[in-house]
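What follows is a short report on a single structure.
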Amino acid sequence: MSGARVGVVTFPGTLDDQDAARAVRLAGAEAVPLWHADHDLKGVDAVFLPGGFSYGDYLRCGAISRFAPLMEELIPAARAGLPVLGTCNGFQILCEAHLLPGALTRNAGLHYVCRDQKLRFENVDTPWTSDYAPGQEVVIPVKHGEGRFVANETTITGLEANGQVVLRYVGNPNGSLNDIAGIRNEAGNVIGLMPHPEHAVEELTGAPGTDGLGFFTSIMKALVNA
Amino acid sequence: MARVIVDVMLKPEILDPQGQAIARALPRLGFAGVSAVRQGKRFEVDLEGPADDAALAEVRKMAETLLANPVIEDFTLRVAE
């Protein structure tokens with residue numbers, strides 16, 4: 001109906017691709033499955049990199065996935081402006097691919113954290129977040145063992161100064177620097193976040209609500225109005 | 001045939017909670033006098049040929065590209081005896 005096509009990537013070990021595809025469809029766009037071993041983005045208008053444990057998290061989370069054949073297509077496309085959202089393992093892959101600065105490391109408390117997390121939007125000037133407002137607080141699930149965002153001081157200062165911090169934790173679950181939960185690249189088309197908006201899109205299963213749906217309605221609008 | 005050892009460590013300024021947990025466990029096991037522990041990774045890269053300058057340069061490139069994430073980690077190379 002809309003013609004907006006959002007690719008959802010599956011690597012070996014990806015877990016959340018079905019939820020992500022469902023969220024894309026709920027927002028009214030078409031979800032296009034993308035396979036890690038293909039050199040083919042299938043002409044999609046945007047790409048969602050879902051969470052999970054791609055390649056078993058061997059070596060470092062996202063370190064192997066970043067060299068997958070699909071990524072050889074995705075990296076230049078993202079640099080050229082294709083909207084890309086990575087959540088959790090997707091965020092880790094985007095950092096390993098140097099599409100986003102910094103890295104995600106072992107949680108400060110060492111525990112795997114799985115909970116409904118309060119978050120605050122900072123900068124919403126991205127194609128994935130236009131339906132939110134700066135300062136808006138939402139609750140979206142997090143579930144990760146390696147979500148502590150780190151970067152050197154210059155990078156952190158730059159992210160803050162350029163308005164590249166998209167989301168901040170309200171109650172830091174993992175020791176991330178400056179409570180950073182999500183960032184964007186300088187151009188604004190690539191975002192990564194540890195929380196899982198695709199798990200908060202329906203009242204029935206979206207514990208505790210539908211606060212994540214805005215990511216999908218935002219990209220839908222961005223693509224339709226493009 | 002030669003073996004090159006690549007040691008990868010988190011940069012000193014990056015918090016290492018695993019190392020801290022190990023350091024906290026040691027006194028409970030009766031090991032005293034440890035002020036800190038940092039945990040890293042060791043890779044043993046076996047070469048088909050000798051570990052000459054060209055081969056070492058290639059291993060260095062491997063380390064920068066894949067074995068270590070230069071954003072958070074440092075690495076060192078040495079040829080095994």
Side-chain angles (χ1 to χ4, degrees), chain A residues 54-68 71-72 75 89 91-113 144-159 172-180 183 185 192, chain B residues 3-29 31 34-48 51 55-80:
Chain A
S54 60
Y55 294 91
D57 276 352
Y58 290 172
L59 187 58
R60 295 177 306 277
C61 306
I64 312 280
S65 324
R66 162 250 191 290
F67 294 102
M71 292 301 292
E72 289 174 27
I75 291 170
N89 192 217
F91 186 12
Q92 294 162 341
I93 294 168
L94 290 172
C95 287
E96 282 283 345
H98 308 303
L99 286 171
L100 291 172
L104 283 314
T105 57
R106 192 62 68 104
N107 292 350
L110 282 177
H111 288 287
Y112 189 95
V113 177
H144 58 252
E146 309 200 25
R148 177 168 53 97
F149 182 76
V150 296
N152 63 32
E153 214 178 305
T154 322
T155 305
I156 294 284
T157 312
L159 286 173
N172 193 333
N174 54 30
S176 283
L177 292 177
N178 290 25
D179 299 330
I180 288 172
I183 57 171
N185 64 350
Chain B
R3 170 170 289 180
V4 182
I5 295 172
V6 182
D7 286 311
V8 177
M9 293 296 296
L10 280 175
K11 287 177 191 279
E13 66 270 25
I14 304 283
L15 178 75
D16 174 18
Q18 296 182 102
Q20 289 179 339
I22 295 163
R24 280 196 302 270
L26 290 174
R28 287 204 304 274
L29 300 171
F31 297 103
V34 174
S35 63
V37 176
R38 306 272 297 168
Q39 177 181 316
K41 292 184 191 126
R42 167 185 161 129
F43 299 86
E44 296 179 345
V45 181
D46 290 342
L47 302 177
E48 288 172 355
L56 284 177
E58 198 65 7
V59 176
R60 179 169 295 279
K61 216 160 119 190
M62 276 175 222
E64 286 166 355
T65 311
L66 181 62
L67 305 184
N69 177 354
V71 174
I72 48 168
E73 292 168 327
D74 296 322
F75 66 89
T76 54
L77 304 186
R78 66 198 148 91
V79 180

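The sequence lines fix the lettering, A, B, ..., with proteins before strands; numbering per chain opens at 1.
Looking at A:Thr105 and B:Gln18, their side chains never come closer than 4.5 Å, going by heavy atoms from C-beta outward. Using a 4.5 Å heavy-atom threshold, the side chains of A:His98 and B:Val71 count as touching.
Looking only at heavy-atom pairs under 4.5 Å with chain B, the residue among A:Gly102, A:Ala151, A:Pro101 that has the most is A:Gly102. Heavy-atom pairs under 4.5 Å with chain A peak, among B:Leu15, B:Val8, B:Ile72, at B:Leu15.
Closest approach of B:Leu67 to A:Arg60, counting heavy atoms only: O-NH1, 3.0 Å. Shown here for B:Pro17 and A:Ala108, the closest heavy-atom pair between the two residues is CB-O, 3.4 Å. Counting all heavy atoms, side chain and backbone alike, A:Leu59 lies closest to B:Phe43 at CD1-CZ, 3.4 Å. Across every non-hydrogen atom of B:Leu66 and A:Ala63, the tightest pair is CD1-O, 3.8 Å.
Of the two parts of A:Asn107, only the backbone, made up of N, CA, C and O, holds a non-hydrogen atom closer than 4.5 Å to a non-hydrogen atom of chain B. Neither the backbone nor the side chain of A:Glu153 comes within less than 4.5 Å of any heavy atom of chain B. At a 4.5 Å heavy-atom cutoff, the contact between B:Lys41 and chain A is made by side-chain atoms alone.
Going from atom CD1 of B:Ile14 over to atom CG of A:Leu177 covers 7.5 Å, rounded to the nearest 0.5 Å.
Annotation for B:Glu48: atom CD does not count as buried by contact number, only 12 or fewer foreign heavy atoms lying within 6.0 Å. Surrounding CZ of A:Phe67 are more than 12 heavy atoms belonging to other residues, nucleotides or ligands, all under 6.0 Å away.
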